[in-house]
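Chain A is the first sequence line, chain B the second, and so forth, proteins listed ahead of strands; every chain is numbered from 1.
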Amino acid sequence: MLLNIENLQAQIDEKVILKGLNLQVNAGEVHAIMGPNGAGKSTLASVLAGREDYEVSAGAVDFDGEDLLALDPEERARKGLFLAFQYPVEIPGVSNKLFMQTAVNAVRQERGLPALDMFDFDEFAKERIALLEMRADLLERSVNVGFSGGEKKRNDIFQMALLEPKLCIMDETDSGLDIDALRLVANGVNALRSPQRSFIVVTHYQRLLDYIKPDHVHVLYDGRIIKSGGFELALELEKNGYDEIIQQYQNA
Amino acid sequence: MVKKRSPIAQQALDFYLQQAQQIAQTSQNPFLSKVRQQAQERFVEQAFPTAKDEDWKYSKLSGFLAQHFSQQGISQPVANWQAWMPSFPVIKLVWVDGHFCETLSDELSQLPAGVLLESFADALQANTELGGLFANQDTVLAEPFASLNSMLFQDGMVLEVAANVTLSLPIFVLHLQTQPLHHSVLRQRVSVGENAEVTLIERYVSLQSQGAGCVNVVTEIELGKHARVQQILLQEQNRDSFYFNNQFIYQAEASQFTTFYGAIGSQLSRHQNHLFMDGEQIENQQNSACIGLGAQTVDSRTCTHHNQAKGFSRQLHKFVLEDQAIGVFDGMIRVDQQAQKTDGQMDNKNLLLSDFAKMNTKPKLEIYADDVKCSHGSASGQIDKNQIFYLQARGIHKADALRMITQAFLLEPAEVVRQEPIRRWVMERLALALQQTHLP
Ligand SMILES: Nc1ncnc2c1ncn2[C@@H]1O[C@H](COP(=O)(O)OP(=O)(O)OP(=O)(O)O)[C@@H](O)[C@H]1O
Ligand SMILES: [Mg+2]
């Protein structure tokens, strides 16, 4: 098992958001997480990536045989956990290229691989940029500064393609993408799929899932996974919304 | 009106007046005597500004007044001047304790055609008619430390670039201070003819890592029509020292002026640009990158006079402050009634690395024309936690993330430096200075 989340509880400033969440992800699987606004989806993603604002009050997370919660965010990234942000951050003055070369080499160091010099990195980056049909000049610019909403999202997926993580967590990557960009991102994800690599895809829409066909679909509500199923669950949600499922859960 | 002074301010004033009188006695030239006399009169009215003076509220002079800086004294031998030289080729000119040093400088007679350079002391000797050197004294004397400069200066630089001359090598001016309690009072006059082009680099350093010295500079730069001047100035004195620089820049029609100021050293440093756009279609860019650590006070200020139509001015001033450091930015864009189609923009951004560091910023617009595009902005804050986390989430250590973000923030104003080797050199100096911060 690549990721095993058991009874995860997390809070921010006394406000409990995750209330005992369980999730198991095997290598090679794609899991979709859906759920109403404010349910705790981004919180789950942030806690897994190691954001300090959240206090984990109970539970355990095992990632590839290690206690994930004991690691710093950068160690988690180096060990192959990747978060594509719901809102990618702008960093003025830091070039996208220098940023990603530093990041790629940090991960390579962890894997015992030699660092890529500027030329090798350029080569590698060009190849991945082509995969996402991203504008090459975005690499020369400051990280996300002046990027359109869709360009920011694609830049995050480009980073994912460069870092070749074991677990990709995508938080609403599809929101704000136009139809063509959505297809490109989905193609990028599909190209990265492998028996060793797993995905957790947080989304509100079935559209992205049509392209990347998840193995499992979960409904996250009020800090817990309240229902799990196959792709058909996504179709059902698209048709009927969350009401029925939430009611069933509350009555149970 | 007689200014009320503290005993310490009075003692300092008496000291500098006495120095001025000694210097006045050595001068034979009646014109020069008059310049000095006028300066003295103004200085007595002005000295010393206190926290009650709006323009001096945050740049406190108490540390400066507690010590008396003298122009007398014997310079220490300068052994390792090479350490202060950049690796790219330049025309090298060296001043030691405020005096031109012929032996350390490149041979003046070998300068490219159309370039005239002499020490200010020589220029005073050589000319009986000094009016040209002091044409703008009325403007200059508005600033207290420029008045002090005008009554005390003995040396400095006169640089003239003839019309249509393009200097491919930058002129590199190294100001070394070798002794504590020394006062280097420098007068610099640069005139660049029509359609001429020059890059001027100035570097101010102390040879000793401790002990207060003081540098007081008045620089006047005149640009002819279509002239292009780029100035890069690094202030890297030791952290006990004082630095006062008043720059007066006069631009003629369609000329282009770029200045970058990097503030790294000094207990108290105050760098002022007084920029006059006296023709149409003038462009200029004034940037600064300032680092304040410990108890440093770093003051960078500009006053930009859009006097004629179609002027274009840009400014970016950035401060990184740590510990109890104080930063001061004061910027005024003044648009004259005639200066229609003015496009002026001034930005000040500050990064506070400690809760005790303090930034005082005052951007101002004064607009008398109706068809203009002017803006100013200012923002101070700490490093954004989301930025740090974003880098960490990509495997970059927190310490490296902090450094990357801080450095990128500070270096941005230096991007105006056009030549890549000079730009890289400036950025390296600033990055090195940032290593003195307590960033992990
Ligand atoms: N920094 C914070 N301070 C206070 N409350 C917070 C903070 N971050 C999140 N919350 C709250 O936690 C709850 C869960 O938020 P979260 O962002 O995880 O929801 P989400 O499921 O991702 O929603 P969406 O679909 O809108 O993105 C919300 O009620 C939110 O207001
Ligand atoms: Mg969310």
Part of [X] lying under 4.5 Å from any heavy atom of chain B:
X: P88(A); value: both
X: D53(A); value: side chain
X: R51(A); value: both
X: I91(A); value: both
X: V104(A); value: neither
X: E90(A); value: backbone

I'd like to know if the side chain of S42(A) pairs up with that of Q86(A) as donor and acceptor (distance under 3.5 Å, no hydrogens or angles considered).
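Yes.
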Tell me whether the NZ or CZ atom of R154(A) lies within the 45° cone about the ring axis of F158(A) and under 6.0 Å from its centre.
no
Kindly indicate whether a cation-pi arrangement holds for K318(B) with F409(B), taking the cut-offs as under 6.0 Å to the six-membered ring centre and within 45° of the axis.
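Positive - K318(B) is close enough to the ring of F409(B) and near enough to its axis.
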Please check: side-chain N/O of R314(B) versus main-chain N/O of Q285(B), any donor-acceptor pairing under 3.5 Å?
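It does not hold such a pair.
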I'd like to know if the side chain of R76(A) reaches the main chain of L71(A), judged simply by a donor and an acceptor atom lying under 3.5 Å from each other, with no hydrogens or angles considered.
yes
Does any heavy atom of chain A fall under 4.5 Å from the side chain of Q387(B), the backbone, both, or neither of them?
both
Quick check on L391(B) against chain A: is it the side chain, the backbone, both or neither that has a heavy atom closer than 4.5 Å?
both
Could you tell me the separation between the CG atom of L200(B) and the CD1 atom of I232(B), rounded to the nearest 0.5 Å?
8.0 Å
Which distance, rounded to the nearest 0.5 Å, do you find between the CG of L402(B) and the CG of L353(B)?
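Here the interatomic distance stands at 8.5 Å.
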In terms of heavy-atom pairs under 4.5 Å with chain A, which of K398(B), Q407(B), E415(B) leads?
K398(B)
Among V89(A), V107(A), D72(A), which has the most heavy-atom pairs under 4.5 Å with chain B?
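Sorted descending by pairs with chain B, the first entry is V89(A).
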Top contributor to chain B interface from P92(A), G50(A), A106(A) [non-hydrogen pairs under 4.5 Å]
G50(A)
Donor-acceptor pairs under 3.5 Å, side chain of residues 426-436 of chain B to any protein atom, not counting sequence neighbours: which ones?
residue : atom : partner : partner atom : Å
R429(B) : NE   : E236(B) : OE2          : 3.1
R429(B) : NH2  : E236(B) : OE2          : 3.4

